[in-house]
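Below: the structure, in structure tokens.
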Amino acid sequence: MTAQIIDGKALAAEVRAEVAVRVAALRARGLQPTLAVILVGDNPASMTYVRHKGSDCESVGMRFVLDRYPADLAEAALLARIEALNADPSVHGMLVQLPLPKHIDTNKVIAAISPLKDADGFHVQSAGALMIGLPGFKPCTPYGCMRMLKAAGVDPKGKHAVVVGRSNIVGKPMALLLLQAHATVTICHSATPDLGAFTRQADILVAAVGRRRTITADMVKPGAAVIDVGMNQDEAGKLCGDVDFAGVREVAGSITPVPGGVGPMTRAMLLVNTVEAAERAAG
Ligand code: NDP
């Protein structure tokens with residue numbers, strides 16, 4: 001039996017429709033939910049991501065403000081711009097598109113963003129809130145993965161979840177969200193010996209590595225829910241995930257495809273965080 005495909009594109013459309021209703025309610029009260037994005041330099045991938053964020057905002061009736069700066073922008077000037085957006089009551093969510101040029105300290109920049117407007121959920125206060133179970137903005141990718149599990153009817157409670165990858169923006173927050181949902185969680189990384197020995201125990205397997213075919217069919221427990229966060233290129237230069245989709249779909253119970261899985265959901269959850277920021281601002 002082949003796995004149920006968790007359709008991130010369709011689910012993202014559902015999420016956007018929900019956000020659009022919340023945006024309309026705020027607009028009826030005279031508040032225009034707004035996301036501000038700062039883009040430094042002209043990295044082509046970043047430019048594409050930012051363009052998508054703009055069209056996503058437009059599609060749900062949100063205002064999108066884009067601040068573009070040349071790659072040689074001084075760090076102090078960027079920090080000053082963030083301060084100005086922090087103080088601007090017409091802006092509810094903001095983010096600085098990563099990666100930043102090397103002369104700019106990314107941690108310092110993220111720390112400068114008001115935690116009240118932290119649409120990416122990368123601020124240390126958002127991370128801390130997630131760690132101790134307080135309300136706060138969740139990083140969009142793991143937030144979207146949780147929504148995908150829910151849509152597939154997978155309740156993490158009592159399950160063994162294995163997360164491969166321990167980055168601050170995907171692996172660690174993913175593990176914390178699964179823990180919050182009462183899964184027993186294992187985190188694997190590049191120093192984990194015999195990765196398959198761990199992944200084969202997973203009822204829920206999340207791959208967030210950045211290396212194609214890291215997860216093959218022999219590494220998956222029959223019936224497992226497999227979430228593929230990876231964004232890589234295959235031999236033909238086409239987008240692919242960390243999971244060998246063709247093989248693993250024959251073993252897993254449910255699986256997210258790449259493209260059309262976690263990517264669209266990550267974009268949708270940015271809108272959720274932004275509308276939430278606007279709702280909080282509205283009181
Ligand atoms: P990072 O490079 O920051 O983290 C990768 C993690 O994978 C690290 O923790 C690393 O371990 C671990 N790792 C590397 N090699 C192995 C291995 N052989 N076995 C086990 N673990 C390994 O990447 P991100 O977390 O930022 O992103 C992960 C992937 O997800 C990338 O492909 C990225 O493009 C994609 N991505 C997709 C998004 C989407 O919207 N679909 C959003 C964000 C990311 P260690 O810590 O020891 O180095």
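In each ligand, atom 1 is the first atom listed, and ligand 1 is the first ligand listed.
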Strictly under 4.0 Å, does any heavy atom of [X] approach an atom of ligand 1?
| X | answer |
| --- | --- |
| Gly230 | yes |
| Cys188 | no |
| Val164 | yes |

Is it true that atom [atom1] of [X] has more than 12 heavy atoms of other residues, nucleotides or ligands lying nearer than 6.0 Å?
| X | atom1 | value |
| --- | --- | --- |
| Arg27 | CZ | no |
| Met131 | CE | no |
| Gln125 | CD | no |

Inset, instruction - Nearest 0.5 Å please: distance from the CD atom of Glu276 over to the OG1 atom of Thr274. - result: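 Between Glu276 CD and Thr274 OG1, I get 9.5 Å after rounding to 0.5 Å.
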Legend entry - Distance, nearest 0.5 Å, that separates CD1 of Ile187 from CZ of Arg166: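 The CZ atom of Arg166 is 9.0 Å from CD1 of Ile187, to the nearest 0.5 Å.
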Legend entry - Short side-chain to backbone donor-acceptor contact, Asn273 and Ala119, under 3.5 Å: yes
Inset, instruction - Verify, without hydrogens or angle tests, whether Asp118 (side chain) and Phe122 (backbone) share a donor-acceptor contact under 3.5 angstrom. - result: yes
Legend entry - Met62 side chain near Val19 side chain, heavy-atom distance below 4.5 Å: yes
Taking 4.0 angstrom as the limit and counting only heavy atoms of [X], give me the atoms of ligand 1 inside it, by number and element.
| X | value |
| --- | --- |
| Ala208 | 5 (C), 6 (C), 7 (O), 28 (C) |
| Thr141 | 40 (O), 42 (C), 43 (C) |
| Ile169 | 26 (O) |
| Gly263 | 40 (O), 41 (N) |
| Asn232 | 32 (O) |

Among all protein heavy atoms, pick the one closest to [atom] and tell me residue, atom and distance.
| atom | result |
| --- | --- |
| atom 2 (O) of ligand 1 | Val209 O, 4.3 Å |
| atom 25 (O) of ligand 1 | Ser167 OG, 2.5 Å |
| atom 29 (C) of ligand 1 | Gly210 N, 3.7 Å |
| atom 11 (O) of ligand 1 | Ser190 N, 3.2 Å |
| atom 21 (N) of ligand 1 | His189 C, 3.1 Å |
| atom 18 (N) of ligand 1 | Arg211 NH1, 3.6 Å |
| atom 41 (N) of ligand 1 | Val229 O, 3.4 Å |
| atom 27 (O) of ligand 1 | Val170 CG2, 4.3 Å |

Inset, instruction - Before signing off on this row, confirm whether Thr266 and ligand 1 have an N or O atom pair separated by under 3.5 Å. - result: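 The answer is yes, given that Thr266 and ligand 1 share an N or O pair closer than 3.5 Å.
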Legend entry - Distance-only N or O hit between ligand 1 and Met231, under 3.5 Å: yes
Legend entry - Pair Thr186, His160: side-chain N/O donor-acceptor within cut-off below 3.5 Å: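 The criterion, which ignores hydrogens and geometry beyond distance, is satisfied for His160 and Thr186.
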Inset, instruction - Pick out which of Ile38, Leu39, Asn43 makes a side chain to side chain contact (heavy atoms under 4.5 Å, CB included) with Val50. - result: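 That would be Leu39; it is the only one of Ile38, Leu39, Asn43 passing the side chain to side chain contact (heavy atoms under 4.5 Å, CB included) with Val50.
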Legend entry - Sidechain N-carboxylate O distance under 4.0 Å for Glu18, Arg22: no
